[in-house]
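Structure first, then comments.
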Protein chains: 2
Amino acid sequence: MPKLKVGKRRTSAAQEDYLKALFRISGRAATLVPNARLAEEMGVSPGSVSEMLGKLATLGLIVHDPYRGARLTPDGLKVAVEMIRHHRLIETYLVRALGYGWDEVHEEADRLEHAISERLEERMWQALGQPAFDPHGDPIPAPDGTLVEHPTLPLQSAPAGSEVTVSRISDRDPAKLRAVERLGLTPGRRVMVVEESVWESPIVVSLDGSQISVPLGLARAIRVEGDAEGGTKPPG
Amino acid sequence: MPKLKVGKRRTSAAQEDYLKALFRISGRAATLVPNARLAEEMGVSPGSVSEMLGKLATLGLIVHDPYRGARLTPDGLKVAVEMIRHHRLIETYLVRALGYGWDEVHEEADRLEHAISERLEERMWQALGQPAFDPHGDPIPAPDGTLVEHPTLPLQSAPAGSEVTVSRISDRDPAKLRAVERLGLTPGRRVMVVEESVWESPIVVSLDGSQISVPLGLARAIRVEGDAEGGTKPPG
DNA sequence: CTTTAAGTTTCGGCATGCCTAAATATTAGC
DNA sequence: GCTAATATTTAGGCATGCCGAAACTTAAAG
Ligand SMILES: [Mn+2]
Ligand SMILES: [Mn+2]
Ligand SMILES: [Mn+2]
Ligand SMILES: [Mn+2]
């Protein structure tokens with residue numbers, strides 16, 4: 001009896017990174033992403049993107065509309081969300097179990113997310129008590145791929161006078177994370193927007209009674225939730 | 001001032017695997033390893049080995065004596081030992097911190113050893129209290145590359161009547177590890193050799209008063225220490 | 001419309017790592 | 001020592017992923 005190779009095709013780390021990038025750009029909506037946007041997000045040339053899109057389309061992980069763009073299929077979405085779960089779980093584990101700073105975890109998670117087994121994923125998840133959010137306030141997808149995204153807006157778009165809760169900080173730039181931490185604007189903190197940004201001026205918020213000036217470049221990395229109740233909340 | 005790229009060449013996972021294999025075969029002695037032996041150990045063709053040896057020699061990680069064989073340079077030895085430290089630390093961490101069985105860790109460690117940072121290595125080491133041995137009784141190299149190997153012999157070579165301590169079990173075959181565990185011959189256990197192997201017969205040892213029959217194939221995977229005192233000992 | 005600019009794909013190259021088969025060197029047998 | 005078996009190296013290919021430049025499509029401007 002010949003041993004049939006049943007399509008146990010493993011996606012490569014590179015392929016997984018493209019799928020993740022598509023998800024970052026268009027999310028569950030899975031709208032058409034133009035080649036150039038993806039090239040920028042991945043830091044590769046447009047030519048490289050075209051080639052990879054061909055492969056991913058063959059694998060049924062994306063749909064490619066030539067000269068128009070690409071979007072994730074349900075299968076591709078599953079892979080992307082799986083990698084995001086790995087990434088955020090690893091970040092959470094490094095901070096909570098191994099004493100990493102939240103500004104030290106992103107790179108490490110970006111490498112490890114492609115290398116861990118389902119068993120390790122499960123063990124970390126259980127060891128942490130099935131966490132729902134990572135250190136940056138980003139929701140951790142459930143094992144089945146469910147991913148609840150609270151509606152948020154960038155801090156610089158919050159209207160003056162509104163009271164908001166810090167929800168998520170972009171995990172890509174360690175220096176920004178350290179700056180955010182120094183200001184005390186960590187996920188879960190409630191702040192009042194005192195002054196909106198005019199002509200690129202810093203945003204002023206009040207936190208625990210004291211006024212804090214937030215440079216626009218930093219405010220763009222901070223997403224907040226306009227207060228409403230419901231569902232599971234980010235760490236408070 | 002132009003930013004000079006100072007030779008921060010990163011070794012690839014494949015290169016690291018070749019260096020590890022060289023170390024497994026000839027250890028610190030760094031004697032010449034013939035191409036075919038390395039090909040067997042790596043599970044690749046002789047042609048592939050020749051090519052890789054060329055690259056590693058260029059990088060100064062091995063010395064290649066054409067048609068004779070290859071051996072690690074001090075630099076290559078450092079990389080190999082570094083990977084072995086990663087491997088054994090990861091295995092130890094998975095068992096002690098995440099509840100893995102000792103038969104479940106090898107594959108995972110083989111993937112992760114190439115992906116973890118020096119920071120993660122350090123954090124795991126501290127979290128475990130600077131362990132000296134992995135779950136299979138293999139010594140974990142110190143951060144500076146120091147590696148103390150106790151002299152051991154395969155169980156099937158131990159003379160009848162001798163009292164020995166189980167020291168190390170090969171971590172490559174999960175099924176053998178489970179069999180060894182069922183027999184209770186885990187690292188640190190003291191046993192008396194009752195019957196040596198004759199004509200491939202099982203070895204009989206006594207453990208806690210009861211007699212245990214160890215198939216030759218299993219005995220070959222078990223290394224023991226003829227009792228003498230000194231130094232740090234494997235887990236008891 | 002038609003011309004042009006912008007974005008996308010294709011092409012030829014390069015690097016890594018693997019394979020098989022052919023060429024070559026070493027070693028062992030006589 | 002010379003030939004034959006054995007081991008090693010080299011050559012030609014294939015797969016993955018990347019690049020820059022040429023070819024092509026689409027969209028914008030006139
Ligand atoms: Mn997973
Ligand atoms: Mn994060
Ligand atoms: Mn290290
Ligand atoms: Mn081990």
Side-chain angles (χ1 to χ4, degrees), chain A residues 5 7-22 25-26 31-72 76 79-80 83 110-111 113-115, chain B residues 5 7-22 25-26 31-72 76 79-80 83 110-111 113-115:
Chain A
K5 289 211 176 183
K8 246 299 165 248
R9 57 154 182 38
R10 221 331 230 152
T11 50
S12 71
Q15 289 167 0
E16 288 164 357
D17 280 339
Y18 277 90
L19 297 174
K20 255 200 336 173
L22 280 170
I25 297 168
S26 83
T31 57
L32 277 191
V33 174
N35 189 308
R37 181 72 191 78
L38 190 49
E40 176 199 274
E41 185 74 18
M42 288 292 299
V44 300
S45 76
S48 303
V49 171
S50 278
E51 275 181 4
M52 183 57 94
L53 292 184
K55 270 173 266 178
L56 293 173
T58 302
L59 294 174
L61 298 171
I62 64 163
V63 172
H64 187 205
D65 208 345
Y67 287 98
R68 289 314 190 61
R71 59 186 174 74
L72 293 169
V79 175
M83 283 310 117
D110 253 4
R111 272 177 289 109
E113 65 190 12
H114 307 291
Chain B
K5 289 211 174 181
K8 247 298 164 246
R9 56 158 184 36
R10 226 320 236 160
T11 51
S12 70
Q15 288 167 0
E16 289 164 357
D17 282 337
Y18 277 91
L19 297 174
K20 257 201 334 175
L22 280 170
I25 297 168
S26 84
T31 57
L32 277 190
V33 174
N35 188 308
R37 180 73 189 78
L38 191 50
E40 177 200 274
E41 185 74 19
M42 288 291 300
V44 300
S45 77
S48 302
V49 171
S50 277
E51 275 181 4
M52 183 56 93
L53 292 183
K55 270 173 267 179
L56 293 173
T58 302
L59 293 174
L61 298 171
I62 66 163
V63 172
H64 187 204
D65 209 345
Y67 288 98
R68 289 314 190 61
R71 58 186 176 74
L72 293 170
V79 175
M83 283 309 117
D110 253 4
R111 271 177 290 108
E113 65 190 12
H114 307 291

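The sequence lines fix the lettering, A, B, ..., with proteins before strands; numbering per chain opens at 1. Only heavy atoms go into these numbers, but all of them, side chains included; no hydrogens, no water, no symmetry mates.
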Whole angstroms only, please: what is the [atom1]-[atom2] distance between [X] and [N]?
| X | N | atom1 | atom2 | result |
| --- | --- | --- | --- | --- |
| E40(B) | dT8(D) | CD | P | 12 Å |
| L32(A) | dT8(C) | CG | P | 11 Å |
| L38(A) | dG17(D) | CG | P | 14 Å |
| I62(A) | dT8(C) | CD1 | C1' | 14 Å |

Between atom NZ of K20(A) and atom CD of E113(A), what is the distance when rounded to the nearest 0.5 Å?
->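 So the NZ of K20(A) and the CD of E113(A) are separated by 3.5 Å.
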
Working to the nearest 0.5 Å, report the span between CG of L56(A) and OG1 of T11(A).
->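 The CG atom of L56(A) sits 9.5 Å away from the OG1 atom of T11(A).
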
Short side-chain to backbone donor-acceptor contact, T58(A) and G54(A), under 3.5 Å =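 The answer is yes, because a donor-acceptor pair under 3.5 Å joins these two groups.
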
Any donor-acceptor pair under 3.5 Å from Q15(A) side chain to S12(A) backbone |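 Looks like yes, one N/O pair under 3.5 Å.
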
Residue pair L19(B) / L72(B): nearest heavy atoms and the distance that separates them |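 It is CD2-CD2, 3.6 Å.
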
Closest non-hydrogen atom pair between L53(A) and A70(A), with its separation =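 Between these two residues, the closest heavy atoms are CD2-CB, 3.9 Å.
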
Run the salt-bridge test on R37(A) and E41(A) with the 4.0 Å N-O cut-off and return the result as yes or no.
->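 Yes.
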
So does R10(A) pair up with E16(A), basic N to acidic O under 4.0 Å?
->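 E16(A) and R10(A): salt-bridged.
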
Please write out each protein N/O paired with an N/O of nucleotides 15-18 of chain C under 3.5 Å, distance rounded to 0.1 Å.
from	atom 1	to	atom 2	distance (Å)
dG17(C)	OP1	S12(B)	OG	2.2
dC18(C)	OP2	Y18(B)	OH	3.2
dC18(C)	N4	E51(B)	OE1	3.0
dC18(C)	N4	E51(B)	OE2	3.4

Give me the residues of residues 63-72 of chain A where at least one heavy atom lies under 4.0 Å from an atom of DNA chain C, by number, or none.
->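 Residues of residues 63-72 of chain A under 4.0 Å from DNA chain C: H64(A), P66(A), Y67(A).
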
